[in-house]
2 protein chains.
Amino acid sequence: MAEKRAPYCETTVIHGEVVDRVSKMLMPDQVTASIAEFFKVFGDQTRIRILQVLFEEEMCVCDIAYLLNMSQSAISHQLRVLKQAGIVKYRKDGRVVYYSLDDEHIQSIFEQGYQHVMEAKEKR
Amino acid sequence: MAEKRAPYCETTVIHGEVVDRVSKMLMPDQVTASIAEFFKVFGDQTRIRILQVLFEEEMCVCDIAYLLNMSQSAISHQLRVLKQAGIVKYRKDGRVVYYSLDDEHIQSIFEQGYQHVMEAKEKR
DNA sequence: TGAACATATGAACAGATATTCATATATTCC
DNA sequence: GGAATATATGAATATCTGTTCATATGTTCA
């Protein structure tokens, strides 16, 4: 049984056994923080649009900016976020920098998000 | 060929053919916005921790707050976000409200995030 | 070497977001 | 009915985040 109360909900543990059992299965905070950090990258429309473009083809910064009708700077900033998350990689050819996907799982995750959105649409 | 330039990168379309082809495959903004909105929900550690708890078992607000050592209010606010995103559902039993998962795909998406994080760890 | 150009980056600002605090709502039990 | 309790919610606040703007970096080409 849970012996002590946290600073909150101090009056009673409503379901002590359940709490005890699940508390043993919790991931370290470091892991849950990393997972949240990873998904945060997908939680921005600009980055989703960039990824969608890169699913189709490797592409340079200027062309992405043109396609999405956004500033080169904005795209460059977001590509850095994607790069730091290990989601895209780049290669240089002269002064042109080509970005492409760096993780096979990304497309699958993306598609599951797309599916969820589409199913939610049907329900309405 | 792309005929006009966007307000940005006005000088040249670097790869006109690529841009033209991909531009025809872009999803509507409404869709990419929804996808980003969906993933945004996973982009918060508290919500990730709540989901992890609910993977194990249906649970009431007070117990979740206790388990995660957070205020009842904070948990309640986040459960609302999860509910509005169609990720969790609830049932009432007296004054106790039990939350559980409302989408089978969620666990799969979560696990892919977990895998990515773990693989990223190995690479270091 | 210098002009042109593709990209990167730091600072600043505006808008979004998570938690706290106070309080409302709704249910149970005496 | 009234006290206790589980949850929900609105407002306020502090922090985070995305874009813009100005500028730096690095490459090409004349």
Side-chain angles (χ1 to χ4, degrees), chain A residues 5-15 18-19 32-33 36-37 39-50 58-85 88-100, chain B residues 5-15 18-19 32-33 36-37 39-50 58-85 88-100:
Chain A
R5 292 274 20 182
Y8 307 109
C9 270
E10 300 205 24
T11 48
T12 49
V13 174
I14 300 185
H15 309 89
V18 173
V19 168
T32 53
E37 211 60 38
F39 282 116
K40 204 171 286 180
V41 176
F42 291 84
D44 176 79
Q45 186 178 16
T46 298
R47 289 192 290 267
I48 290 290
R49 294 175 78 214
I50 291 174
E58 168 190 82
M59 202 171 293
C60 74
V61 179
C62 191
D63 284 350
I64 297 172
Y66 171 73
L67 256 179
L68 304 187
N69 195 31
M70 293 185 66
S71 74
Q72 173 270 321
S73 179
I75 297 300
S76 189
H77 277 298
Q78 296 304 345
L79 282 169
R80 185 156 57 109
V81 173
L82 291 166
K83 193 172 61 189
Q84 283 175 342
V88 305
K89 63 184 183 223
Y90 65 93
R91 69 178 177 87
K92 287 191 174 184
D93 183 10
R95 55 191 165 194
V96 180
V97 179
Y98 294 91
Y99 281 84
S100 58
Chain B
R5 293 273 19 181
Y8 307 110
C9 271
E10 300 204 25
T11 49
T12 50
V13 175
I14 299 185
H15 310 88
V18 173
V19 168
T32 53
E37 212 59 38
F39 282 117
K40 206 172 283 182
V41 175
F42 292 84
D44 177 80
Q45 186 177 17
T46 298
R47 290 192 290 268
I48 289 291
R49 295 175 78 213
I50 291 175
E58 169 190 81
M59 201 172 291
C60 75
V61 179
C62 191
D63 284 349
I64 297 173
Y66 171 74
L67 256 179
L68 304 187
N69 194 32
M70 293 185 65
S71 74
Q72 173 270 319
S73 179
I75 298 299
S76 189
H77 277 296
Q78 296 304 345
L79 282 169
R80 184 156 56 107
V81 174
L82 291 166
K83 193 172 60 188
Q84 283 176 341
V88 305
K89 62 184 185 226
Y90 65 92
R91 69 179 177 88
K92 287 191 174 185
D93 184 10
R95 56 192 163 193
V96 180
V97 180
Y98 295 91
Y99 281 86
S100 58

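Below, read A as the first sequence line, B as the second, and so on, with proteins coming before strands; counting in each chain starts at 1. None of these values were measured; they are calculated from a predicted model.
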> Round to the nearest Å and state the distance from A:I50 atom CD1 to C:dT7 atom P.
13 Å
> To the nearest Å, how far apart are A:H15 NE2 and D:dT7 C1'?
14 Å
> With side chains defined as the heavy atoms from C-beta onward, is the minimum distance between A:R49 and A:M70 less than 4.5 Å?
yes
> Which whole-number value in Å describes the distance from B:Q45 CD to C:dT17 C1'?
15 Å
> The criterion is side-chain contact (heavy atoms from CB on, under 4.5 Å); which residues satisfy it with B:S73, sequence neighbours excluded?
B:S71, B:H77
> Please check if the number of heavy atoms outside A:Y98 that lie under 6.0 Å from its OH is greater than 12.
yes
> Specify the separation, in whole Å, of atom CE of B:M70 and atom C1' of C:dT19.
7 Å
> Base, sugar-phosphate, or nothing: which does A:Y90 touch, judged by heavy atoms less than 4.0 Å apart?
nothing
> Can you say whether a donor on the side chain of A:S73 sits under 3.5 Å from an acceptor on the base of C:dT7, or the other way round?
no
> Find the distance A:I48:CD1 to D:dG18:P and express it as a whole number of Å.
12 Å
> Tell me what A:Y98 touches on the nucleic acid: a base, only sugar-phosphate, or nothing, going by heavy atoms under 4.0 Å.
nothing
> Nucleotides 23-30 of chain C: which of its N/O atoms have a protein N/O under 3.5 Å away?
none

> Could you check how far CD of A:E37 sits from C1' of C:dT17, rounded to whole Å?
14 Å
> Measuring only between side-chain heavy atoms, which start at C-beta, is B:E58 closer than 4.5 Å to B:R91?
yes
> Compare side-chain N and O positions of A:Y99 against OP1 and OP2 of C:dA6 and report whether any pair is under 4.0 Å apart.
no
> Could you label the plane-to-plane angle of the A:F39 and B:F39 rings as parallel, tilted or perpendicular, counting under 30° as parallel and over 60° as perpendicular?
parallel
> Partners of A:V41 by side-chain contact (heavy atoms from CB on, under 4.5 Å), sequence neighbours excluded?
A:R47, A:V81, A:L82, A:A85, A:I87
> Is the number of heavy atoms from other residues, nucleotides or ligands under 6.0 Å of A:K83 NZ greater than 12?
yes
> Please report the distance, rounded to the nearest Å, between CD in B:Q84 and P in D:dA8.
12 Å
> If you measure from OG1 on A:T32 to CG on B:D44, what distance do you get to the nearest 0.5 Å?
10.0 Å
> Just the rounded figure in Å: distance from C1' of C:dT19 to CG of B:N69.
14 Å
> Rounded to the nearest 0.5 Å, how far does CG of A:L68 lie from CD1 of A:I50?
6.5 Å
> Calculate, to the nearest 0.5 Å, the distance between atoms CD1 and CE belonging to B:I75 and B:M59 respectively.
11.5 Å
> Can you tell me how far CZ of B:R80 sits from OH of B:Y99, rounded to the nearest 0.5 angstrom?
9.5 Å
> Taking the side chain of B:V61 as its heavy atoms from C-beta onward, which of D:dT17, C:dT9, D:dT7 lies nearest to it?
D:dT7
> Looking at B:S71, I'd like to know whether one of its side-chain N or O atoms comes within less than 4.0 Å of OP1 or OP2 on C:dT19.
no
> Bend across the helix from C:dT1-D:dA30 to C:dC30-D:dG1, to 10°, with axes taken over 5 pairs at each end?
20°
> Using only side-chain N and O atoms of B:T46, determine if any of them is under 4.0 Å from OP1 or OP2 of C:dT19.
yes
> If the condition is side-chain contact (heavy atoms from CB on, under 4.5 Å), which residues does B:E37 pass it with, not counting sequence neighbours?
B:K40
> For DNA chain D, what residues of residues 75-83 of chain A have any heavy atom nearer than 4.0 Å?
A:H77, A:Q78
